[in-house]
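Comments concern the structure below.
Below, chain A is the first sequence line, B the second, and so on; all start at residue 1.
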Protein chains: 2
Amino acid sequence: MARLVAERADVIPLLAEAFRAYGYEGASLSRLCEKTGLGKGSLYHFFPGGKEEMAGAVLGEISHWFERQVFQPLDNLPPVEGVAAMLAAVDAYFQSGRRICLVGAFALDDTRDRFAVAVNGYFTRWQQALSGALQRLGFADVEAERHARAALSMIQGALVLSRALGNEQPFRDTITALTAQLRLPGA
Amino acid sequence: MARLVAERADVIPLLAEAFRAYGYEGASLSRLCEKTGLGKGSLYHFFPGGKEEMAGAVLGEISHWFERQVFQPLDNLPPVEGVAAMLAAVDAYFQSGRRICLVGAFALDDTRDRFAVAVNGYFTRWQQALSGALQRLGFADVEAERHARAALSMIQGALVLSRALGNEQPFRDTITALTAQLRLPGA
DNA sequence: AACATTCTGTACTGATCGGTAAAATAGAAA
DNA sequence: TTTCTATTTTACCGATCAGTACAGAATGTT
């Protein structure tokens, strides 16, 4: 396939950072050009569907990254290691709270309607994978689901709070708390 | 003073719902006019500073509401009742997860830079009030602060998750969990 | 070298953006 | 009723929006 001047795959992470910084509506084409270093012509060459296709591709790549780094470890590793892998991946991905969750951000305003399937799928898949690991850890089914939902809530909330306060502590505390909470039933 | 055709104070809640639905950038003047039923001229008559003043007024009213309904009960009531009042007010305000937290939403993208003081102040004030109540409940200082931060995280995260899944359950579960968690130290 | 493909820069579109100005109207006060 | 102020309507501004068209440049292939 050889080397192209710019690869579509190389552009997606740059687009992701632009959407993170400005939100979907706030990420204008000119800002996307600025962040990617590409002209409008190039962007539309890679993403003929425009902004919506760009954001869709970003969501797809995020989903893919979590599938490999979080969901599959939860599915396939022994549950203690799976949970540990999840927490390590989450801490690294969100840079200890300095980086936000784009899926969560999209969920809050009417951007959600545009990407409802991707947004819902991301959280549902995560919750199922974590719930499964917790069940194998010994949690009863309902308890496992509740704990999994609570863990996702705590992570999302910690990202909001860390951003709001400009302070990594809420996120770091949450990772610590989850490390303890997700060990054994009834801890 | 008598009745005006439209009162500034009446407009703010309508603006709030528009910003909630579309985000700061997504809430265009035309959408704000639509949601408030006012023309551009009227909106600029009440808010000469334009969109930024409108959003600032909305944040101010939110802050005021929480001050009376949440922060002061936490400060002044016996701690058990203060915490109960907080949880009841939160559940009512966020409509069991169907309504998002505008302050949290603003915190996620670069809108935060515009309203950094209001965003930070809202969460800091809340955390301090809750932390004080928890200390009076018997939590050690550091523990009380940690629990307060965790509670705010959980609420924010539950709002994100409930919106993302289109499902009130994450929010309801979180309120239930907090009701238990914030009773006595070491529960 | 010649060619085909992929990528990029520039110029353009119509629509909408946030914001302004001022005339017209409604309401309260006298 | 007159007067004064508060509110609304309408028209308008330059800037930027998302998106298109296409010629030219870079690259890979033969």
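Ring pair B:W126/B:F71 is tilted by interplanar angle, where 30° to 60° counts as tilted. In this pair, A:F115 and A:F106 present their aromatic rings parallel. The plane angle is below 30°, not in the 30 to 60° band.
For the pair B:R31 CZ and C:dC17 C1', the computed distance is 12 Å after rounding to whole Å. In this structure, CD of A:E7 is placed 7 Å from P of C:dC7, rounded to the nearest angstrom. If you take CD of B:E25 and P of D:dT16, they are 14 Å apart, rounded to a whole angstrom. Atom CG in A:L38 sits about 14 Å away from atom C1' in D:dA26, given to the nearest Å. Atom pair B:K40:NZ and C:dT20:P shows a separation of 11 Å (rounding to whole Å applied). Here the P atom of nucleotide D:dG19 and the CG atom of A:L32 are 10 Å apart, to the nearest Å. The CG-P distance, from B:L15 to C:dG18, rounds to 13 Å in whole Å. Straight-line distance from the CZ atom of A:R114 to the C1' atom of D:dA18: 11 Å, rounded to whole Å.
Between A:L29 and B:G41, the residue anchored closer to the 5' end of DNA chain D is B:G41, taking for each the nucleotide with the nearest heavy atom. Mapping A:S30 and B:G37 onto DNA chain D by nearest heavy atom places B:G37 at the nucleotide closer to the 5' end.
At least one side-chain nitrogen or oxygen of A:S28 sits closer than 4.0 Å to the OP1 or OP2 atom of D:dC17.
Taken from CG in B:L165 to CZ in B:F171, the straight-line distance is 14.5 Å, to the nearest 0.5 Å. The structure places CE of B:M154 at 12.5 Å from CD1 of A:I155, a figure rounded to the nearest 0.5 Å.
For B:F46, taking side-chain heavy atoms from C-beta onward, the closest of the listed nucleotides D:dT7, C:dG18, D:dC17 is D:dT7. Nearest to the side-chain atoms of B:H45 among the listed nucleotides D:dC12, C:dT8, D:dT7 stands D:dT7.
B:Y22 and B:L14 fall into different hydrophobic clusters, defined by Ile, Leu, Val, Met, Phe, Trp and Tyr side-chain heavy atoms under 4.5 Å apart, directly or through other members.
Residue contacts shown for A:S42 include a base, since a base heavy atom lies under 4.0 Å away.
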